[in-house]
2 protein chains.
Amino acid sequence: MGRGKIEIKRIENTTTRQVTFSKRRGGLFKKTKELSVLCDAQIGLIIFSSTGKLWDWCTEPFRMEQIIEKYQRSTGARILERDHHPRETLRLELGIQRYLGEDMGCLQYEDLSKLEQELENSMAKVRNRQNELLQQQLENLRRKINDQEQRAVMEFEKATVEGSKAVHAMDHHFPFFEEQPTGSILQLACPVLPHLQYPYLQLAQPNIQDSLRAHNHNN
Amino acid sequence: MGRGKIEIKRIENTTTRQVTFSKRRGGLFKKTKELSVLCDAQIGLIIFSSTGKLWDWCTEPFRMEQIIEKYQRSTGARILERDHHPRETLRLELGIQRYLGEDMGCLQYEDLSKLEQELENSMAKVRNRQNELLQQQLENLRRKINDQEQRAVMEFEKATVEGSKAVHAMDHHFPFFEEQPTGSILQLACPVLPHLQYPYLQLAQPNIQDSLRAHNHNN
DNA sequence: GGCTATGGATAACA
DNA sequence: TGTTATCCATAGCC
């Protein structure tokens with residue numbers, strides 16, 4: 001190595017140790033990545049310097065957590081959780097609580113605005129998805145009716161002697177979508193959409209709401 | 001390297017790959033140990049071969065679990081426990097996902113309606129809470145101004161000989177809330193309320209929306 | 001961080 | 001697994 005071989009023991013000179021750490025760390029990461037790619041291996045490497053600074057790498061597209069979990073499964077090692085189960089569960093449950101509009105006592109006005117925005121985004125997504133589903137059902141039904149019409153026309157033509165005149169009459173038996181485009185679909189599949197049934201925003205104090213609206217318009 | 005450099009990409013020939021894995025793994029462990037000793041670093045290395053076999057090493061006298069726990073503390077990484085925990089956590093995380101309007105592909109129309117209703121309820125609660133906060137701030141400010149007025153009156157009475165006449169005049173110096181009841185509060189603490197700035201519900205297909213509204217009114 | 005001489009890692013072959 | 005010709009990581013120095 002370099003200008004002569006060195007003995008493998010702790011380097012006492014701090015500067016030299018830090019330089020060597022920097023260089024060899026780079027080399028080690030390079031070798032690690034090469035091994036991972038060349039041999040299709042899944043690798044996780046964790047390095048704490050003597051000062052406690054962390055350097056880590058793991059095979060993409062995995063995350064270190066996944067490597068560690070796999071390690072646990074392979075060895076049966078038990079990792080102590082940073083916060084143990086109850087707390088973690090609590091955290092997630094509180095997360096849900098947020099979206100249920102519960103336990104808001106500790107939130108500032110800004111937090112509430114952010115939360116409100118999130119709920120609004122979520123609601124928009126949900127409604128878009130509802131719309132997509134409606135569209136699909138509409139399309140399906142339209143195709144179905146079209147097929148039926150086609151079939152009826154064919155049957156009619158087959159059953160009558162004066163074909164051309166009869167078909168003309170049929171045109172007036174299937175104006176279904178032109179007159180009531182969505183009625184039948186709604187009866188098929190759609191519950192009432194609640195957000196169309198009542199005025200959307202009912203703040204508790206209309207006067208405040210009005211003041212705010214006025215304020216916004218003045219801004 | 002060896003008899004010529006090689007491109008760093010997966011070695012397709014199985015035998016060659018295994019040989020290379022064996023040799024380079026050894027080399028990597030050696031380098032890892034050297035770095036650990038030379039630079040007094042605490043290192044954990046986990047390698048899964050492409051066949052899933054585990055190879056690991058960590059700085060003595062530590063055990064891998066300790067390195068991993070330290071890693072958790074450093075990064076805040078969340079390692080799932082081997083057994084009961086994962087499912088529970090997943091369930092909760094999915095629960096949150098619902099309220100973020102993500103991953104709705106598997107939901108039926110009825111599910112979406114229910115979710116929408118929940119979001120709507122949550123939003124109402126959030127907005128009520130916002131209002132409560134506004135009310136409180138308003139109340140606080142009102143009290144503050146009132147105190148100031150009281151103090152001013154007292155000072156004024158103290159400073160003048162003809163007390164009664166002066167107090168009467170003061171009445172017209174604090175008509176603050178009667179004229180602009182909320183303006184000052186908004187400047188103090190309130191971001192703009194987004195839901196008052198744009199029409200609330202913007203469905204992607206207005207025509208469908210209209211059909212639905214018509215339908216609801218007919219019901 | 002860059003340079004350079006040198007020992008070491010290792011790809012190909014056996 | 002062992003050997004060997006190459007290429008490279010890197011120690012010491014700037």
Side-chain angles (χ1 to χ4, degrees), chain A residues 1-64 67-68 70-71 74-75, chain B residues 1-64 67-68 70-71 74-75:
Chain A
M1 302 180 189
R3 305 292 176 86
K5 78 158 71 175
I6 58 167
E7 192 186 351
I8 302 302
K9 67 172 192 182
R10 182 190 143 95
I11 298 169
E12 295 301 334
N13 180 295
T14 306
T15 306
T16 305
R17 186 169 67 242
Q18 283 175 350
V19 171
T20 297
F21 178 68
S22 176
K23 289 184 176 180
R24 279 183 173 254
R25 175 169 40 77
L28 190 62
F29 278 121
K30 187 182 174 196
K31 289 274 184 201
T32 305
K33 291 167 192 173
E34 287 183 356
L35 177 59
S36 178
V37 171
L38 287 171
C39 304
D40 204 20
Q42 194 175 351
I43 307 182
L45 174 59
I46 297 172
I47 302 177
F48 290 98
S49 71
S50 57
T51 59
K53 187 169 180 184
L54 170 66
W55 306 82
D56 68 320
W57 181 87
C58 79
T59 303
E60 315 245 296
F62 302 98
R63 287 177 307 111
M64 187 63 81
I67 311 272
I68 292 175
K70 187 169 179 179
Y71 178 81
S74 293
T75 63
Chain B
M1 304 178 189
R3 306 287 176 85
K5 76 159 72 176
I6 57 166
E7 190 185 352
I8 302 301
K9 65 172 191 183
R10 184 190 142 93
I11 298 170
E12 294 302 335
N13 180 294
T14 305
T15 307
T16 306
R17 187 169 65 244
Q18 282 174 350
V19 171
T20 298
F21 178 67
S22 176
K23 291 185 174 181
R24 277 181 174 256
R25 174 167 41 78
L28 191 61
F29 278 121
K30 187 183 176 193
K31 288 274 184 201
T32 305
K33 293 166 191 173
E34 288 183 356
L35 177 60
S36 179
V37 171
L38 287 170
C39 304
D40 203 20
Q42 193 176 352
I43 307 183
L45 175 59
I46 297 172
I47 302 178
F48 289 98
S49 71
S50 57
T51 58
K53 189 169 178 183
L54 171 66
W55 306 82
D56 67 319
W57 180 88
C58 80
T59 304
E60 314 249 300
F62 302 99
R63 289 178 303 113
M64 189 63 83
I67 311 273
I68 290 175
K70 187 169 178 178
Y71 178 81
S74 293
T75 63

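This structure is a prediction, so every number in the text was calculated from the model and none was measured. Residue numbers start from 1 in every chain, and the chains themselves are labelled A, B, ... in the order their sequence lines are given, proteins ahead of strands.
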Would you kindly give the [atom1]-to-[atom2] distance between [X] and [N], to the nearest whole Å?
{"X": "B:L28", "N": "C:dG8", "atom1": "CG", "atom2": "P", "answer": "18 Å"}
{"X": "A:E7", "N": "D:dA11", "atom1": "CD", "atom2": "P", "answer": "14 Å"}
{"X": "A:F29", "N": "D:dA9", "atom1": "CZ", "atom2": "C1'", "answer": "16 Å"}
{"X": "A:K31", "N": "C:dA9", "atom1": "NZ", "atom2": "P", "answer": "8 Å"}
{"X": "A:I6", "N": "C:dG8", "atom1": "CD1", "atom2": "P", "answer": "10 Å"}
{"X": "B:I8", "N": "C:dA11", "atom1": "CD1", "atom2": "C1'", "answer": "11 Å"}

Exceeds 12 heavy-atom contacts within 6.0 angstrom, atom CD of A:E12: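 Yes, enclosed.
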Establish whether the base of C:dT4 is bridged to the side chain of A:R3 by a donor-acceptor pair shorter than 3.5 Å. yes
Could you state the interatomic distance from CG (A:L38) to NZ (B:K9), rounded to the nearest 0.5 Å? 10.5 Å
Hey, could you give me the OG1/CE distance between B:T59 and B:M64, rounded to the nearest 0.5 Å? 9.0 Å
How close do B:L28 and A:K31 get, heavy atom to heavy atom, and via which atoms?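 Where B:L28 meets A:K31 most closely, the heavy atoms are CD1-CB, 3.6 Å.
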Closest approach of A:Y71 and B:I68, non-hydrogen atoms and distance?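 Of all heavy-atom pairs spanning A:Y71 and B:I68, the closest is CD2-CD1, 4.0 Å.
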In numerical order, the residues of residues 13-26 of chain A whose heavy atoms come under 4.0 Å of DNA chain D are A:T20, A:K23, A:R24
According to a strict under-4.0 Å criterion, is B:K30 in side-chain N/O contact with OP1 or OP2 of C:dG8? no
Just N and O in the side chain of B:K5: are any of them under 4.0 Å from OP1 or OP2 of D:dT6? no
For B:R24, is there an ion pair with A:E34 - N to carboxylate O distance below 4.0 angstrom? yes
